[in-house]
Amino acid sequence: MNILLIGCSAYMDQGYGCPGEYKCIKAVAEKNGEFAQYDNPVLVGFLRCKCPGRATISNIGMVKKNVQIDAVHLSNCMIKAIPMCKNHDFDEFKKIVEKKFGVKCVLGTHAYD
């Protein structure tokens with residue numbers, strides 16, 4: 001299962017509990033959290049969603065042109081951050097990704113604190 005991760009650039013750049021993507025990458029390797037559903041998850045890419053996020057969908061398309069993707073995971077820092085992201089409705093984002101690219105889109109990544 002080839003995984004593309006998408007994280008919140010603003011959250012990572014500010015270091016709010018996660019200085020970057022290491023928790024998500026570790027979770028893929030350990031099949032932790034949302035990655036437990038896969039027999040053999042392989043991280044094939046990591047994108048940062050940069051406010052206001054207008055380029056994120058097209059960036060997924062650019063990755064998909066170059067790498068086989070089976071699932072896109074939106075990181076915890078995107079979907080669970082407080083205050084919530086004011087730029088995305090993640091249920092709608094998920095629908096767009098699944099329809100446009102024909103891949104599974106999962107809201108969440110790891111189970112780490």
Same cluster or not: are [X] and [Y] linked, directly or through other Ile, Leu, Val, Met, Phe, Trp or Tyr residues, by side-chain heavy atoms under 4.5 angstrom apart?
X	Y	answer
M1	L4	no
L47	I69	yes
V97	I79	yes

Rounded distance [0.5 Å steps], [atom1] in [X] versus [atom2] in [Y]:
X	Y	atom1	atom2	answer
S75	K23	OG	NZ	11.5 Å
K26	F35	NZ	CZ	13.5 Å
I60	I6	CD1	CD1	3.5 Å
H110	I25	NE2	CD1	11.0 Å
M78	C24	CE	SG	10.5 Å
K95	D89	NZ	CG	7.5 Å

Testing the basics here: between [X] and [Y], what is the closest heavy-atom pair and its distance to 0.1 Å?
X	Y	answer
G108	N76	CA-OD1, 3.5 Å
N32	A111	OD1-N, 2.7 Å
C49	H88	SG-NE2, 3.4 Å

Fill in the blank from the handout: Applied to residues 34-47, the side chain to side chain donor-acceptor pair (under 3.5 Å) test, sequence neighbours excluded, yields Q37-K104, Y38-H73
Practice task
Evaluate whether atom CE of M62 has more than 12 neighbouring non-hydrogen atoms of other residues, nucleotides or ligands under 6.0 angstrom away.
Solution key: no
Practice task
Apply side-chain hydrogen bond (donor to acceptor under 3.5 Å, both in side chains) to T56 and list each qualifying residue two or more places apart in sequence or on a separate chain.
Solution key: none
Fill in the blank from the handout: Those residues at least two apart in sequence (or on a different chain) that pass side-chain hydrogen bond (donor to acceptor under 3.5 Å, both in side chains) with D70 are Q68
Heavy-atom side-chain proximity of [X] to [Y] below 4.5 angstrom:
X	Y	value
F90	C85	yes
L107	F93	no
V42	I3	no
L74	V106	no

